[in-house]
Every structure is written in structure tokens, then in C-alpha cells.
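This report refers to the structure that appears directly beneath it.
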Number of protein chains: 2
Amino acid sequence: MADIIAKTRRPGAPSGLAARAGESSCERTPTGVTRALNDAPLPGRAAADKTLLRRPIELLFFAYRDFTGIADRKLATIGFGRAHHRALYFIGRVPGIAVGELLDILCITKQSLAPVLREMLRARYIVQRADAADRRRRRLFLTERGLDLERELTRRQSRLIAKAFAAAGADAARGFDAVLRGMVGGRDRRRFFGQ
Amino acid sequence: MADIIAKTRRPGAPSGLAARAGESSCERTPTGVTRALNDAPLPGRAAADKTLLRRPIELLFFAYRDFTGIADRKLATIGFGRAHHRALYFIGRVPGIAVGELLDILCITKQSLAPVLREMLRARYIVQRADAADRRRRRLFLTERGLDLERELTRRQSRLIAKAFAAAGADAARGFDAVLRGMVGGRDRRRFFGQ
DNA sequence: GCAATTATGTCAGCCATGTTGACGTATTTT
DNA sequence: AAAATACGTCAACATGGCTGACATAATTGC
């Protein structure tokens with residue numbers, strides 16, 4: 001499960017309006033998976049397996065899938081994908097961010113980012129302005145339109161998290177924060193989450 | 001950020017041994033992103049923005065990236081990707097799972113799964129056996145080899161989570177569980193996490 | 001002031017992982 | 001015997017990554 005929890009998009013499936021609020025919507029047959037799952041002995045050598053944190057691993061997988069799916073469905077309506085969302089989000093988060101800085105946050109190549117920026121520039125979700133001091137650098141900003149989209153997407157994901165926070169309580173929310181923070185590598189933790 | 005937090009693989013980059021334990025490893029220039037980030041005013045209309053849960057959204061994005069990256073690096077050494085990991089994981093989790101049931105959990109098409117199963121069958125990580133009662137159904141099992149790989153991957157991800165749990169405390173770990181559980185859609189929650 | 005470096009963009013080709021649609025085949029159900 | 005189910009496969013296509021090579025403008029360093 002590098003991937004357990006990873007998964008890219010599912011372009012076709014929940015594009016339009018499919019999927020009951022927040023769910024994956026890919027039922028096939030009402031076969032006995034559920035039963036099988038609950039009865040399933042953990043794989044192999046029981047002793048060694050006990051230290052494996054399968055429950056949190058699976059929770060991350062499914063929670064992340066639903067978390068991204070909720071924005072993916074909106075993005076699909078305008079022909080954008082996750083790559084657009086990531087760029088849009090961080091341009092909103094760091095107004096005036098330079099292209100190179102954005103690449104550094106996203107950890108992708110400029111060749112991957114290029115078409116994404118190009119489409120969002122063309123569709124007027126973002127604008128570029130040369131840096132006053134160093135005119136080689138292109139600073140990126142959201143337009144009104146971009147701001148609206150970014151906030152709509154962030155709002156959807158916020159609602160899902162807020163619902164979970166409300167159900168689990170404030171203490172749980174703090175625990176959620178602390179654990180995730182501990183999972184983030186030093187560099188990103190330092191620059192995004194302090195200490 | 002459907003995607004904030006999504007991101008597929010980065011085949012090239014941290015494939016072999018690159019990346020300092022658990023980190024993303026894609027530094028470019030020591031530009032002022034960090035400063036920019038901390039100083040950045042939240043985007044637009046401050047009032048409306050207050051209800052947006054940007055911190056947990058970003059935590060999920062970066063934590064998930066590191067969580068998957070830790071297994072991706074191992075997978076890359078044998079030419080497998082996340083798709084292989086997902087299938088491998090759930091075949092291990094539900095020994096004897098039928099192909100259709102696996103599709104139902106993964107939410108992908110059989111055409112997407114086919115090459116993944118084929119490669120893992122050929123390389124002897126999994127085996128198929130016809131169901132005794134209904135010989136149309138192909139039940140899938142891990143081989144010794146597959147069990148070893150699955151456990152190595154799960155161990156890596158478990159260690160990352162265990163480290164975060166240890167640092168955050170048992171209460172935080174429970175909160176983490178409760179919040180993620182609240183984020184998982186009803187169907188998957190029911191069949192994987194009870195109630 | 002000229003050379004080197006930096007920031008960005010672009011073209012071309014490749015790979016992994018998804019999608020659809022159409023069809024084939026064995027097996028079970030009706 | 002016919003219909004439905006479970007699975008497999010072929011073909012075409014999209015997304016979003018990657019690499020390498022090269023171009024251009026602006027800044028920095030000697």
C-alpha cells in the first residue's frame with residue numbers, strides 16, 4: 001500500500017453527479033466481501049503480523065480516497081484534474097509564488113506542471129506577473145475566478161473534515177493533527193507546520 | 001485539493017535509494033518559500049476563509065505523500081507500482097478473495113486490474129484457484145513470495161505510523177482513528193471498520 | 001562588459017494507470 | 001435450452017507523471 005491510500009483519479013466513474021454524497025459508488029454485486037473481510041484471518045505468520053498497523057493503513061486509504069473524490073467530482077465538471085487542483089491550491093495559499101517555488105512544493109518537473117499552468121492561464125483561473133526585482137521570475141496569482149474555484153474545492157473538503165471532527169470531538173481532532181504531523185517528513189513539516 | 005493529497009507516483013525521482021528516510025527529496029533552490037508560506041495571508045475574503053480547514057487539508061496531503069512514498073520506493077525496485085500494491089494488499093487481507101470482489105474494493109475496472117494480476121501471477125506473487133462450489137469464480141491467494149512482499153510493504157508503512165503514534169501519544173492515536181473513520185463513506189466504513 | 005548561471009518555457013518521446021466498448025468462453029441459474 | 005454471471009482479452013484513448021534537449025531572457029560574477 002504505497003498505494004494503499006494512493007490511487008490516482010477515476011476519470012470516468014464519479015465524474016458528473018454519481019456517487020451518494022461522499023461515497024465511492026462502485027458497487028457491483030452484493031457478494032460476501034463484507035463477511036469475508038470481517039472473518040479474514042490476518043495474513044500469514046500471526047505473530048509477526050501483530051505489529052502491523054493494518055487498521056490505520058486502511059483508514060488512511062479509504063479516507064483519502066473519499067477526501068479527494070469529493071473535489072475530483074467538481075474538478076471533472078470543468079475538465080480539470082488533480083494536477084490542476086494542487087497548483088490552484090498552492091497558488092492560492094502562497095499568492096505570488098514563483099513557478100520554481102511551486103515546483104519545489106509539488107515535487108514534480110516543470111514539464112509536468114507546464115500544461116497545467118497553461119490551461120489555467122488560458123481559462124483565466126490564474127495570472128502571471130514578472131517579479132519587480134528579478135524579472136526572470138514569474139509570480140503566480142489567482143484571479144477572482146480562480147479564487148472562487150479554489151474556495152469551492154477547499155470548502156468541499158473542509159466540510160468532510162468538519163463533519164468528522166464534529167462526530168469525533170475536539171480532542172480527537174487534536175490527535176488527528178498530532179499524528180499526521182508526525183508522519184510528515186522534516187522538510188515539509190518545518191515549512192508548513194512549524195517547529 | 002482533491003488532490004491535495006492525492007498525487008500519483010513519482011517513478012523517476014525517489015526510486016532507488018534517494019530521499020532521506022521518509023522525506024520527499026525534491027529540493028531545488030533554497031528560495032524563500034518557507035518564509036512566504038508562513039507570512040502568506042490566507043487567500044481572499046478573510047471572513048469566509050476562516051471556516052476552511054486548510055491545516056488538516058495540508059496535513060493530509062503531505063502525510064499521505066510520505067506514507068505512500070515509503071512503499072513506492074520499495075515497489076519501484078521490483079518494477080511494481082501502486083496498482084500492484086493495492087491488489088497485493090487486499091489479496092493478503094482477504095485470502096481467497098474473488099476477482100470481482102477485489103474490483104469492488106478497489107473501485108477500478110477489470111480491464112485495469114487485468115495486467116496487474118497477470119504480472120503478479122507470472123512473477124509468482126499470487127496464485128488463482130477456482131472456487132470449489134462455483135468454478136467460474138477465481139479465488140486469489142498470496143504465495144510465500146507474495147506474503148513476504150506484502151508484509152515488507154505493510155511493515156514500512158506501519159513503522160511510519162508507529163513513529164507518529166509514539167510521538168503523539170495513545171490518545172492522539174485514538175483521535176486519529178476516530179476522525180479518519182468519520183471521513184470514510186458509509187459503505188466502506190461499514191464493511192471495513194464496523195458499525 | 002562578457003561569460004556563466006538562473007528562471008522559465010517548449011518540443012518530443014516514453015511509461016503507468018486509469019477509462020470505454022466489444023467480444024469470447026466457461027459455468028451456473030432459471 | 002436460454003439467460004445470466006464471472007472472468008479474460010483486445011483495441012483505442014486520456015491523464016499525469018518522467019527524461020532529455022534546447023531556447024530565451026535576465027541576473028550575477030569576474
Side-chain angles (χ1 to χ4, degrees), chain A residues 2-3 6-16 18 26 28-31 65 68-69 72 75-76 79-87 97-104 106-119 121 128-140, chain B residues 2-3 6-15 18 26 28-32 65 68-69 72 75-76 79-87 97-104 106-119 121 128-140:
Chain A
D3 179 54
K7 263 225 94 214
T8 31
R9 294 166 70 198
R10 276 166 297 136
S15 264
C26 45
R28 295 162 52 89
T29 48
T31 40
R65 173 198 280 181
T68 55
D72 286 347
L75 288 161
F80 282 0
R82 290 191 180 179
H84 300 85
H85 190 185
R86 276 193 289 271
I97 191 173
V99 173
E101 293 169 343
L102 186 53
L103 292 175
D104 187 46
L106 299 180
C107 285
I108 58 173
T109 60
K110 61 179 174 173
Q111 294 93 328
S112 294
L113 184 58
V116 169
L117 290 185
R118 200 160 25 206
E119 289 166 47
L121 283 164
Q128 276 185 332
R129 262 174 27 211
D131 181 285
D134 182 345
R135 307 225 322 281
R136 289 172 307 181
R137 312 188 73 195
R138 263 90 156 178
R139 299 198 162 279
L140 303 168
Chain B
D3 181 50
K7 261 226 98 216
T8 30
R9 294 165 70 198
R10 275 166 298 137
S15 264
C26 47
R28 294 164 51 90
T29 48
T31 41
R65 172 197 283 183
T68 55
D72 286 347
L75 288 160
F80 281 0
R82 291 190 179 179
H84 300 86
H85 190 184
R86 277 192 290 270
I97 190 172
V99 173
E101 294 169 342
L102 186 53
L103 291 175
D104 186 46
L106 299 179
C107 285
I108 58 175
T109 60
K110 61 177 173 173
Q111 295 93 325
S112 296
L113 184 57
V116 169
L117 290 185
R118 201 163 21 210
E119 290 166 45
L121 282 165
Q128 277 186 333
R129 263 174 26 211
D131 182 285
D134 182 347
R135 307 227 320 282
R136 289 172 306 180
R137 312 188 76 197
R138 263 90 157 178
R139 298 198 163 278
L140 302 167

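Computed from a predicted structure; not experimentally measured. Naming: A, B, ... by sequence-line order, numbering from 1 per chain. Quick note: numbers below take in every heavy atom, side chains included, and nothing from hydrogens, waters or symmetry partners.
Contact annotation: A/T109 side-chain N/O to D/dC18 OP1/OP2 distance is under 4.0 Å. Of the side-chain N and O atoms in B/S112, one or more sit less than 4.0 angstrom from OP1 or OP2 of C/dT19.
Separating the CZ atom of B/R82 from the P atom of D/dC18 is a distance of 12 Å, rounded to the nearest angstrom. With rounding to whole Å, B/L113 atom CG is found 13 Å from D/dA6 atom C1'. Rounded to an integer number of Å, the gap from B/Q128 CD to C/dA26 P is 16 Å. Atom CZ in B/F80 sits roughly 13 Å away from atom C1' in C/dA16 (whole-Å rounding). At whole-Å resolution of the value, CG in B/L103 and P in D/dT9 are 13 Å apart. Separating the CG atom of A/L102 from the P atom of C/dT8 is a distance of 10 Å, rounded to the nearest angstrom. Put simply, CG on B/D131 is 18 Å from P on C/dA26, counting in whole angstrom units. Separating the CD1 atom of A/I108 from the P atom of C/dG9 is a distance of 12 Å, rounded to the nearest angstrom.
For B/Q111, counting side-chain heavy atoms from C-beta on, the closest listed nucleotide (D/dA6, D/dA11, C/dG9) is D/dA11. Minimum atom distance to the side chain of A/R118 is reached by C/dC11, of the listed D/dA26, D/dG8, C/dC11. In the set D/dC18, C/dT27, D/dC7, D/dC7 carries the atom at the smallest distance from any side-chain atom of B/R137. Checked against C/dT10, D/dT27, D/dG8, the side chain of A/A114 finds its nearest nucleotide in C/dT10. Taking every side-chain heavy atom of A/A83 into account, D/dG16 is the closest of C/dT8, D/dG16, C/dT10.
When all heavy atoms are compared, the tightest approach of B/T68 to B/R82 is OG1-NH2, 2.8 Å. The minimum heavy-atom distance between B/Q111 and B/P115, with the atom names listed, is O-CD, 3.2 Å.
No engagement by B/E119 is indicated, since no non-hydrogen atom pair under 4.0 Å with the nucleic acid exists. Across all strands, B/A130 comes closer than 4.0 Å to no nucleic acid atom at all (heavy-atom distances).
Taking 4.5 Å as the limit, every side-chain heavy atom of A/V99 sits out of range of all side-chain heavy atoms of A/K110.
The line from CG of B/L103 to CG of B/L117 is 8.0 Å long, rounded to the nearest 0.5 Å.
Taking for each of A/L121 and B/A132 the nucleotide of DNA chain C with the nearest heavy atom, the 5'-most of the two is the partner of A/L121. Of the residues near DNA chain D, A/A133 and A/H84, the one whose nearest nucleotide (by heavy atom distance) lies more toward the 5' end is A/H84.
Without hydrogens or angle criteria, B/R65 side chain to A/L106 main chain gives a donor-acceptor distance under 3.5 Å.
Judged by distance alone, with hydrogens and angles left aside, B/R136 brings a side-chain donor or acceptor within reach of the base of D/dT5, the pair sitting under 3.5 Å.
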